[in-house]
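Inspection log for the structure reproduced underneath, given as C-alpha cells.
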Number of protein chains: 2
Amino acid sequence: MTTLAALATPSPRSACARSGGPSYCDACKVRPLAVCAALEAGELHELDAIVHQGRVAAKETFIHQGEDATSVFSVVEGTVRLYKLLSDGRRQIVGFAMPGDFLGLALHNRYGFSADAVDAVALCKFDRAEFDRLVSAKPHFLRRLHEFATHELVIAQEQMTLIGRRSAEERIAAFLLMMRDRWARISGASVTVQLPMQRLDIADYLGLTIETVSRTLTRLARDRVILIVPEAVRILDEGRLAQLARS
Amino acid sequence: MTTLAALATPSPRSACARSGGPSYCDACKVRPLAVCAALEAGELHELDAIVHQGRVAAKETFIHQGEDATSVFSVVEGTVRLYKLLSDGRRQIVGFAMPGDFLGLALHNRYGFSADAVDAVALCKFDRAEFDRLVSAKPHFLRRLHEFATHELVIAQEQMTLIGRRSAEERIAAFLLMMRDRWARISGASVTVQLPMQRLDIADYLGLTIETVSRTLTRLARDRVILIVPEAVRILDEGRLAQLARS
DNA sequence: CGCGGCCTTGAGAAATGTCAACTTACGTGG
DNA sequence: CCACGTAAGTTGACATTTCTCAAGGCCGCG
C-alpha cells in the first residue's frame, strides 16, 4: 500500500533487472538508457551493493507527494505516472516514466509529486542517502544525473507550451508522436504506439477531459490518421499527424 | 540585435555586479542567491577570470531558440522572459528569470527557448566551454548547478499544473503570490508586488489571453483583493488571494 | 497636441467542459 | 457456459469558460 510495502521482492543487493545468473547490474537490459550508464564496469558493483530491486503492481502508488523523499528510483520495466493532485481532486500528470527513466529528483527532501504504476512496473530503488554518497564520490555520475534533470526540464518546458498554447487536436497528435519516439528509443521503431495508460491519464497529462480525448481520437480514427486498437494506436498517416502536431 | 551584440558593456574579466572598487565577484550583490554561491572566496577569482559582465536593454533578445548554446548566464539585475514560439506566432513563456537565476541549461548544445530582457537587465555571461571546464573541476559547483536545475524542474511541474488544471482566476492569484515570494527572496517582503512584465507576458506565461488577464485583475481589484498600480499590484487581502490560488 | 503602445471593456463566437446515457470488454460466480 | 456486474470508453446534448474581434481610454513622448 505504501512506498516500501509496494516493493514486493525483498532481495536487497540484487541486480538492476538482471536476467538470471550472477546478480549484477551489468546484466541490466536498460542500463545503456538509464543513469547507471555513467558508471564503468568496474564501478557497477558499487551500485549493485546499494540497489534494491522491486516490483509495483498496476495502480499501486509508491511515491506520495509531500512525503519525505527517502528513495530514488530507476524504472526498468513498465510505465509510471507522476502527478500532482489539487485539494479538490483535480489531477495533473506531470510526466510518464518509462524504462531507463530516473525518478526522485526532489527539493527540500520532499517529493513534489505522487507516482503510481500504470501497468506492472519493475524498478531499482536506492536509499537516497546511500545514492547521494555514491553520487558525491563520482562526479561523472553527478554529471549524468544533471543531464537527466536538464532533459526533464526541456521536456517540461515543451509540455507547458503544449498545454498552454495548443488545441486539443494538436495536443493529442503531439502526444502520440512523443509516445512513439519514446518507445522507439526503448524497443525500436514501430507504427503501433503502445498506450498502457488509460484515457483519463492522457486527459490529465494534456490538460483535457476524458471526453475531449476520446472524441479527438475518434475523429483522428475517422479521418484515417490513426487506427485505434486495444492498449495502443496504429499510426496510418504519419505526415498528417506530424502536421497536426506542429501547426 | 543578436546575442553578443546585445551585451553592450565589453569589459571582460570584470566583476559579477561589482559595486565599484576592485573588480571581483566577491562584491556581487546577488552572489548568495546565484550559482556562484557554491564557490568559496578562494575560488571566486577563477569565475572572475572568465566572466563577462553585460547589459541588455528592455525588449532585446539575447538568446535565440534553436541557436548554438555557446553561453550561459546569471541574472544580476532586472527580469528576463524565457519563451517558446510556435510557427504561427503563438508564444508560451516558460519562465521569468530574476536576479540570482541561472540561464542556459540546454540540450544538445542548442537553446530550447528564446530570452528577452523585460526591463533593463544586467547579467554575467560565460562561455559555455570555459564554464564547463570550471564546473568539471569543481564537483560542488556541479552539485549546485544540479540543485538549480532540480528547482527549475519543480517549478516547471507546478506551472504545468497551474496551466493544465486551474481556472483563469486561480492562475492569476497564484502568479501574483509567486511573484511576491520571488521578490521577497531578492529584496525582502512587501505587499506591493512589482510586475515589470506587461499583460501580454503574463497572459503568455499563464496560457491565457491578454483580455482574460485584464478582466481577471480588474475583478480582483473590484473585489478589493488587490489594488492595481503602475508596474505593480498591491495585495490588500492576502488570505483571500491565497484561498483563490489554492482552491 | 497628436500619435502609438498598452490596457480595459463589451458583445458574440468557439472550444472545451459537464452531465448523462449507452456500449463494450472482461472477469466472476452461479 | 451463461448472466451479471464493473470499469473503461464512446457519444450526444447542453453549459460554461475563455477566446476573438472591435472599440475606446489612458498616458507618456515627440
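In what follows, chains are A, B, ... by sequence order, proteins preceding strands, each numbered from 1.
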- Side chain B/E211 and base D/dC21 donor-acceptor under 3.5 Å: yes
- Length of the CG-P vector between B/D204 and C/dC7, whole Å: 12 Å
- Do A/F73 and A/V80 have side chains that get closer than 4.5 Å, going by heavy atoms? no
- Please state how far atom CZ in B/R90 lies from atom P in D/dT18, giving the value in whole angstrom units. 18 Å
- Query: Salt bridge check: are B/D201 and B/R91 linked by an N-O gap of less than 4.0 Å?
  - Reply: yes
- Would you kindly compare B/I210 and A/L208 by the position of their nearest DNA chain C nucleotide and give the one closer to the 5′ end? B/I210
- Query: Rounded to the nearest Å, what distance is computed from the CD atom of residue A/Q198 to the C1' atom of nucleotide C/dA25?
  - Reply: 14 Å
- Query: Within less than 4.0 Å of OP1 or OP2 of D/dT18, is there a side-chain N or O belonging to B/T212?
  - Reply: no
- In whole angstroms, the gap separating P of C/dT16 from CZ of A/R166 amounts to 13 Å
- Query: Got a donor-acceptor contact below 3.5 angstrom from the B/D101 side chain to the B/L103 backbone?
  - Reply: no
- Between D/dC27 atom P and B/E231 atom CD, what is the distance in whole Å? 14 Å
- Query: Taking the inter-plane angle between the rings of B/F175 and B/F96 on a 0 to 90° scale, is it parallel (under 30°), tilted (30 to 60°) or perpendicular (over 60°)?
  - Reply: tilted
- Are B/D116 and B/Y83 linked by a side-chain donor-acceptor pair shorter than 3.5 Å? yes
- Message: Tell me if the side-chain of B/R215 makes a donor-acceptor pair with the base of C/dG10, cut-off 3.5 Å, by modelled atom types.
- Response: yes
- Look at the side-chain N and O atoms of B/K59 and state whether any lies under 4.0 Å from the OP1 or OP2 oxygen of C/dG5. no
- When the distance from CD1 of A/I228 to C1' of C/dA25 is rounded to whole Å, what number comes out? 15 Å
- Would you indicate which nucleotide in C/dC7, C/dT18, D/dG9 comes nearest to any side-chain atom of B/S214? C/dC7
- Query: Heavy atoms under 4.0 Å, any strand shown: does A/L217 hit a base, just sugar-phosphate, or nothing?
  - Reply: nothing
- Hey, which sits more toward the 5' end of DNA chain C by its nearest nucleotide, B/R199 or A/E169? B/R199
- Return the value, rounded to whole Å, for the distance between atom CG of B/L200 and atom C1' of D/dT20. 15 Å
- Task: Take atom CD1 of B/I172 and atom P of D/dT17, then tell me their distance rounded to the nearest Å.
- Result: 16 Å
- Query: Would you say the side chain of B/R219 and the base of C/dT9 hold a donor-acceptor pair, judged only by whether the two atoms sit under 3.5 Å apart?
  - Reply: no
- Query: Hey, does A/T218 reach any base, or is it just sugar-phosphate, or nothing, if we go heavy atoms under 4.0 Å?
  - Reply: sugar-phosphate
